[in-house]
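What follows is a set of notes on a single structure, which appears directly below.
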2 protein chains.
Amino acid sequence: MAETGIDSTDPADPGEVAGLDELDRLDRTQLAISFERVFTLVRRLNPQGDISLTAASTLRTLERHGPYRLSELAATEGVTQPAMTQLVSRLEKAGLAQRCADPADGRVVVVRIADAGRELLLARRAARAEKLYELLSALPPADRAAIVAALPALDRLADLLPS
Amino acid sequence: MAETGIDSTDPADPGEVAGLDELDRLDRTQLAISFERVFTLVRRLNPQGDISLTAASTLRTLERHGPYRLSELAATEGVTQPAMTQLVSRLEKAGLAQRCADPADGRVVVVRIADAGRELLLARRAARAEKLYELLSALPPADRAAIVAALPALDRLADLLPS
DNA sequence: ATAGTTATATCACGCACTTATACAAAGGTT
DNA sequence: AACCTTTGTATAAGTGCGTGATATAACTAT
C-alpha cells in the first residue's frame, strides 16, 4: 500500500540497479496480470480427469518435504482438517499415499507419499514439461532466454511461501 | 535493459545468445517443477471463499476478449457446455455477468462481463498484486530483476494458448 | 480418576463439475 | 409448405470435493 518512492536513485544507471526500482516502475497490476496468466496457462496444461489440484499439490508437498501429520498437511494446503482426512483416504485408496502411526502419540496420523504417488507426479510432470517445451519452442529466442533466466528466481520466490 | 545477473545461467547479454540451446541444456523436468511451484504460489495467493477458479478465469476471458457465445466460452475454459450454462447462471445471479440475445440467431446466448465483474477482478488483482509485491520485496534484487525482465516473455507465452 | 485439550474421523450439507437428455431455433430437402 | 437434421442452450441425475458441527480416541495436568 505504501508508496516506497525508492525511485530517487537514478533510473538510468545500468550497471547494478534493477532492484526495487525496476519493480516499482512496473505497474503492480500488470505484475498480477502476468502471474494470473501464467497460472491459467499451467492450469490448462494440467491433465484433466486425473486427480484434483489439491491432491496433486498435497502429493508434491509430501514429495518435497517428506511425511507430514495430517493436520499439518491440512494447514499447509489451506484446507480444513476434515477435507484432508477425506483427501488422504482417497489418496490411500488409490495407492498414492499411506497413513502411518506415530509411535510416540497414538492420536497422530503421519502421511507419506507412496511409490505410485511419486510415479504419478513424474508422469504428470513429464507431460507438462513436454507441452511447456513445445510452447517455449514457439517463442522468440530472447523470450525463451528471459524465462529460463528467471526460473531460479521464481523457485526462490516460491520458497518464500509457508509450506 | 536490466542486467539480470542470474547465477545459474549465462551472464552474457540475453538478446543475441541463449536460444533453444539454453532451453535444451535445462532439465525439462526442472522447467515443469518451477512452473508447478509458481502455479501453487498463485493458487495460494488466491482469495479463498470468493468465486471458483473457473469463474475467475471466465471473467478474465470476458474482460480480455469481450463477449463470447456460451458454448465458445465453455470450449475456451475447458469445461462442458452444461457446466458453463450453470456457471453463467451463477455469475448472472451474482451480478458479475450478463446473458444477451443474438439478434441474428435466436438460439445463441452471448455472455458479457458486467461492471460488478470488472470491479471484482480489479479487487482480486489488487489483493494479489499486493501480496506478490511483498514477496518480491523479500527477494534479492537480482532475482527481482530477473522476474520482472521475464514478465513480457511470460505474457507472450500465455498468448500462445488458444483462448 | 477426572477434566480438559488435542488429533483425527464422521455427519450433514452445498458447490461445481460430469454425462445423458430435452427443447427450441436454424437449415436443408422434397 | 411440411419434415427431418443439425446446432445452441437448458435441465436432470449423479459424483467429487469442499465446508462447519460434532463425535471419538488419546494425551496431559491436577
Side-chain angles (χ1 to χ4, degrees), chain A residues 39-40 43-44 46-62 67-112 117 120 124, chain B residues 39-40 43-44 46-62 67-112 117 120 124:
Chain A
F39 176 79
T40 299
R43 198 162 88 98
R44 303 240 171 109
N46 223 35
Q48 305 251 355
D50 201 6
I51 58 181
S52 73
L53 291 182
T54 307
S57 175
T58 301
L59 282 180
R60 280 197 297 270
T61 297
L62 293 173
Y68 265 63
R69 293 172 150 210
L70 196 144
S71 47
E72 280 178 344
L73 207 48
T76 299
E77 297 299 325
V79 299
T80 59
Q81 172 266 312
M84 188 52 69
T85 291
Q86 297 178 60
L87 173 55
V88 169
S89 297
R90 270 177 270 133
L91 292 176
E92 202 174 26
K93 181 177 291 186
L96 304 173
Q98 296 160 353
R99 273 186 171 86
C100 307
D102 182 345
D105 189 335
R107 299 166 299 181
V108 168
V109 166
V110 175
V111 185
R112 68 170 59 241
L120 178 65
R124 288 169 56 91
Chain B
F39 176 79
T40 298
R43 197 163 88 100
R44 302 240 170 108
N46 224 32
Q48 305 236 346
D50 202 5
I51 56 181
S52 73
L53 291 181
T54 306
S57 175
T58 301
L59 282 180
R60 281 197 296 270
T61 297
L62 293 173
Y68 264 65
R69 291 173 153 214
L70 196 145
S71 46
E72 281 178 344
L73 208 46
T76 299
E77 297 300 325
V79 298
T80 59
Q81 170 266 312
M84 188 51 68
T85 291
Q86 296 175 42
L87 172 54
V88 169
S89 296
R90 271 177 270 135
L91 292 176
E92 202 174 25
K93 180 176 290 187
L96 303 174
Q98 297 161 352
R99 274 187 171 88
C100 307
D102 182 344
D105 190 334
R107 300 166 296 182
V108 169
V109 166
V110 175
V111 186
R112 68 171 59 240
L120 177 66
R124 287 169 56 91

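First the proteins, then the strands, lettered A, B, ... as listed; each starts at 1.
- Remark: C1' of D:dG8 and OH of B:Tyr68 are 17 Å apart, rounded to the nearest angstrom.
- Taking the side-chain contact (heavy atoms from CB on, under 4.5 Å) definition, one finds that A:Glu72 meets it with A:Tyr68, A:Arg69, sequence neighbours left out.
- Residues that satisfy the side-chain contact (heavy atoms from CB on, under 4.5 Å) test with A:Ala83, not counting sequence neighbours, are A:Val79, A:Thr80.
- Side-chain nitrogen and oxygen atoms of B:Ser71 include at least one within less than 4.0 Å of the OP1 or OP2 phosphate oxygen of D:dT9.
- A:Leu91 CG to A:Leu120 CG: the interatomic distance, rounded to the nearest 0.5 Å, is 9.5 Å.
- Taking every heavy atom of both residues into account, A:Arg44 and B:Thr76 meet most closely at CZ-O, 3.5 Å.
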Exercise for review: Determine, for nucleotides 15-30 of chain D in 5'-to-3' order, which nucleotides have protein heavy atoms under 4.0 Å from the base (write B), from only the sugar-phosphate (write S), or from neither (write -).
Suggested key: --SBBBB----BS---
Donor-acceptor contacts under 3.5 Å from residues 48-57 of chain B side chains, at least two apart:
residue, atom, partner, partner atom, Å
B:Asp50, OD2, B:Arg124, NH1, 2.9
B:Ser52, OG, B:Ala55, N, 3.0
B:Ser57, OG, B:Glu77, OE1, 2.6

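- Bracketed by its first and final contacts, the part of DNA chain C lying under 4.0 Å from non-hydrogen atoms of chain A reaches from C:dT6 to C:dT10 in 5' to 3' order.
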**Study point:** side-chain contact (heavy atoms from CB on, under 4.5 Å) assessment of B:Leu62 paired with B:Leu73
**Key:** CA-CA 9 Å; B:Leu62 293 173; B:Leu73 208 46; 4.0 Å; yes
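- Under the salt bridge (Lys or Arg N to Asp or Glu O under 4.0 Å) criterion, the residue pairs touching residues 93-108 of chain B are B:Glu92-B:Arg99, B:Asp105-B:Arg107, with sequence neighbours excluded.
- To the nearest 0.5 Å, atom OG of residue B:Ser89 and atom CE of residue B:Met84 are 11.0 Å apart.
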